[in-house]
Amino acid sequence: MQLNLNFSTMSISELSGQEQQRRDSLQKLRDLGINAYPAELFPVNSYANELKSDFEDGKQVILAGRMMSQRIMGKASFAELQDSTGRIQCYFNRDELCPGEDKTLYNEVFKKLLDLGDFIGIEGRLFKTQVGEISVHVDHFHLLAKSLKPLPLPKTDAEGKVYDAFTDPELRYRQRYVDLVVNPQVKETFIMRSKAMNSMRNFFNERGYLEVETPILQPIPGGAAARPFVTHHNALNIPLYLRIANELYLKRLIVGGFDGVYEFAKDFRNEGMDRTHNPEFTVMEIYVAYKDYNWMMEFTEQMIEQVAQDVCGTSEISVGGKAISLKAPFQRVTMRDAILEHTGFDIQGKTEDELRAACEQLGIPTDPSMGKGKLIDEIFGEKCEGNYIQPTFITDYPKEMSPLCKEHRENPDLTERFELMINGKEVANAYSELNDPIDQRERFEEQLRLSEKGDDEAMFIDQDFLRALEYGMPPTSGMGIGIDRLVMLLTDNSSIQEVLFFPQMKPEVFEKKGPELTENEKIVFDILSKEKSMDLNALKERSGLSNKQWDKSIKGLSKHGLTKVTKTDDALTIDVVG
RNA sequence: GAUUCCGUAGCUCAGCUGGUAGAGCAAUACACUUUUAAUGUAUGGGUCCUGGGUUCGAGCCCCAGCGGGAUCACCA
């Protein structure tokens, strides 16, 4: 029946007015014989920013990008073109673009059928307007790709004040492509991220270390204490884990004879999400043979300074309004001294009970499952960590916290481990790596006992890794650095979501708006279709619906275009349309 | 997980003690040959996140849910 006709066109009526207009423009372009999505390459030879920095009057240029604004003044117009480097103004003159009688290209195509956001290609020459704005005098333009959805359009005035900024975090993260188009500083953040990784890569390559790749799907998720994601391999019919770290594989490569290996690795942890944690994140880990953690501290501080130079152009950065100097060397403080300084308590030689008592005294909650290492870690995390704004190496961690780290050469309760703290947060973590296979096996067994006590993050025993160590691993120092957190520092962002292109979010629900009438709408429509025309109140009586349900239903029917309400002097009448 | 705030036009946001949904930009039409948040005139544009409830009447009040932000807790 007739209903079907109405409903079949519904998907089109779901479009906003502006979306519909753009589709109409697209059709008109096609009617004019213009392909809105041409296949051939466009021979770009210039970019907005370099044209502005190296102005050369009259230079012939070909460039392409999105048209982001249009100022039409009769026979002449200005438009802004945004390419990957920035924006440049373009000048369109009707009688130059259309020298003959036919002004369609300017009057119709440029002025009416092009929309903001469309990709166009420009051929023209550089000049400066009377106001001094560097612009391209357009000789020819080509539609390269039509945009069917209107972009948000932030505007900046002469004083640099931004209006109508696209700021809603949900929309920005879910539609990062839009965020990147309209928010230049967002793009800059990700360019800096790429520079940081390139800088580190260069730093390592110059020293002869090898970039490698190791498995992401691991039968035993080792190298860290964390809950993994599990998946299943069909052909092998075994569970596989997404890696929580790549440490054990990189050490196997040192066993195999490489002097230095590093990997930029995506790790995965099935834990909470907040402004500093995303379920997948990027870590750089590097292992260098014949070195210890003292060497690694020097290596790390040099690397950080170099990265800051390459990314920010300076080692003096500002984070959340605080000035931080990333110039090497960094301060070194043992964990014992750090705790002594900030609490007055000396952890040296203390028993578990004494440590627990100290925690109570400091107001730090404890529970019976915490061992010595955990208690010390709590004190440090609670009372010390936040104080290290300037880069500081905290060294010599308790043994229980570090099952893969070599025992300290002077104190068997400690390990040769450091963490680099910047802005009160951990940025890097490094060891003199444990290479004694017998000691390593005992440490794993200790982890197993923790696991049996209910610690679901205790490490698994990796027998193959132990076998590798038994063949012999040279003394080695390893270091891991959280790339996301480092980039947060360098770009002065306090949320990890700002430095990930696509932070994890709950899946978006794309509502399917069914063409079906709701039950209530059907009830109302059935009554009405028998009568064709009714008094509104009479219909409401007959329907027996509550006020709210009645209201929804009657609005829904009008929306579907099935009914029409007309107002006479003192009554409302409803009719079936058509 | 707890607390708290938010969800209204394509975008940014108003919306009074509950009384027929507003502005700027964007869009449409017209004018305008070096403008620049261009300007002037006119016009169109809404599932007020969803579902219940209270009410003669809900964008607003109540309940439940969805999504997001912030803070805290947990966790490397």
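Note: hydrogens, waters and symmetry copies are ignored here, and every other heavy atom, side chains too, is used. Naming convention: chains lettered A, B, ... in sequence-line order (proteins, then strands); numbering from 1 in each chain.
- A/Q497 comes within 4.0 angstrom of sugar-phosphate atoms only, judged by non-hydrogen atoms across all strands, and of no base.
- Spacing between B/rG24 and B/rA42 at atom P, rounded to whole Å, works out to 12 Å.
- In this structure, A/E385 places its CD atom 13 Å from P of B/rC75, rounding to the nearest Å.
- In this structure, B/rC25 and B/rG10 make a Watson-Crick or G-U wobble pair, each of the two defining distances being under 3.5 angstrom.
- In summary, the aromatic rings of A/F141 and A/F92 are positioned with their centroids under 6.0 Å apart.
- Among the heavy atoms of the strands, none lies under 4.0 Å from A/N429.
- Both distances falling under 3.5 Å, in either a Watson-Crick or a G-U wobble arrangement, occur for no nucleotide opposite B/rG18.
- In this structure, A/K128 forms a cation-pi arrangement with A/F55, its terminal cationic atom sitting closer than 6.0 Å to the ring centre and no more than 45° off the ring axis.
- Of the inter-residue distances, the one linking A/M421 atom CE with A/I394 atom CD1 reads 6.5 Å to the nearest 0.5 angstrom.
- In this entry the distance linking CZ of A/R275 with C1' of B/rA73 reads 12 Å, nearest Å.
- Across all strands shown, B/rC72 forms a Watson-Crick or G-U wobble pair with B/rG1, both key distances being under 3.5 Å.
- Spacing between atom NZ of A/K111 and atom C1' of B/rU33 amounts to 11 Å, rounded to whole angstrom units.
- Residue A/Q89 has its side chain nearest to B/rU35 when only B/rU12, B/rU35, B/rG10 are considered.
- In this entry the distance linking CD of A/E96 with P of B/rU34 reads 12 Å, nearest Å.
- Atom pair A/I88:CD1 and B/rU35:C1' shows a separation of 15 Å (rounding to whole Å applied).
- Summarising the base pairing, B/rG59 is matched to no nucleotide, lacking a Watson-Crick or G-U wobble pair whose two defining distances lie under 3.5 Å.
- Separating the P atom of B/rU17 from that of B/rC60 is a span of 15 Å, rounded to the nearest Å.
- For the pair A/L151 and A/H277, nearest-nucleotide mapping onto RNA chain B gives the more 5' position to A/L151.
- For A/P169, taking side-chain heavy atoms from C-beta onward, the closest of the listed nucleotides B/rG69, B/rG10, B/rC32 is B/rG69.
- Contacts of A/R94 with the nucleic acid, taken as non-hydrogen atoms under 4.0 Å apart, are absent.
- Across the P atoms, B/rC62 and B/rU55 are found 16 Å apart, a figure rounded to whole Å.
- One interatomic measurement links the two molecules: OH of A/Y163 to P of B/rC25, which rounds to 12 Å at whole-angstrom precision.
- At the phosphate of B/rA38, OP1 or OP2 sits under 4.0 Å from a side-chain N or O atom of A/R71.
- Rounded to an integer number of Å, the gap from A/F166 CZ to B/rA9 C1' is 16 Å.
- Across all strands shown, B/rU39 pairs with B/rA31; the Watson-Crick or G-U wobble distances both stay below 3.5 Å.
- Residue contacts shown for A/K506 are limited to sugar-phosphate atoms, with no base heavy atom under 4.0 Å away.
- In this structure, A/R417 is positioned above the aromatic face of A/Y397, its NZ or CZ under 6.0 Å from the six-membered ring centre and within 45° of the axis.
- B/rU8 and B/rC32 are spaced 40 Å apart, taking the P atom of each and rounding to whole Å.
- Below the 3.5 angstrom threshold, one finds a donor paired with an acceptor across the side chain of A/Q18 and the base of B/rG10.
- Nucleic acid contact class of A/I244 (heavy atoms, under 4.0 Å, all strands): none.
- Side chain A/D168 to base B/rG68: no donor-acceptor pair is found below 3.5 Å.
- Taking atom CZ of residue A/F78 and atom P of nucleotide B/rU36, one finds them 9 Å apart after rounding to whole Å.
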Can you list the steps and then say if A/K149 with A/E19 is a salt bridge (charged side-chain N to carboxylate O under 4.0 Å, His left out)? CA-CA 6 Å; A/K149 270 179 105 65; A/E19 287 173 310; 2.7 Å; yes
Could you walk me through whether A/Y241 and A/F229 satisfy the ring-ring contact (aromatic ring centres under 6.0 Å, His included) test, starting with their C-alpha distance in whole Å, then the side-chain angles of each, then the deciding distance to 0.1 Å, before giving a yes or no? CA-CA 6 Å; A/Y241 300 88; A/F229 286 93; over 10 Å; no
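- Counting any heavy atom pair closer than 4.0 Å across all strands shown, A/E80 reaches no nucleic acid atom.
- Checking A/S135 against A/D274, the closest nucleotide of RNA chain B that is more toward the 5' end is the one next to A/S135.
- Within the structure, a side-chain polar atom (N or O) of A/K112 is placed less than 4.0 Å from OP1 or OP2 of B/rC30.
- A/R243 and A/T214 share a side-chain donor-acceptor pair at under 3.5 Å.
- Atom name P, nucleotides B/rC49 and B/rA58: the rounded distance is 15 Å, in whole Å.
- No side-chain heavy atom of A/E123 sits under 4.5 Å from any side-chain heavy atom of A/V136.
- Between A/K155 and the phosphate of B/rA38, there is a side-chain N or O to OP1/OP2 separation shorter than 4.0 Å.
- Phosphate contact (OP1/OP2 of B/rG67, side-chain N/O of A/R174, threshold under 4.0 Å): absent.
- Annotation: B/rA26 and B/rG45 have their C1' atoms spaced 11 Å apart (nearest Å).
- A gap of 15 Å separates the P atoms of B/rG53 and B/rG59, to the nearest Å.
- Comparing B/rC66 with B/rU50, their C1' atoms are spaced 7 Å from each other, to the whole Å.
- The nucleotide whose nearest atom lies closest to any side-chain atom of A/D164 is, among B/rC72, B/rU12, B/rU33, B/rU12.
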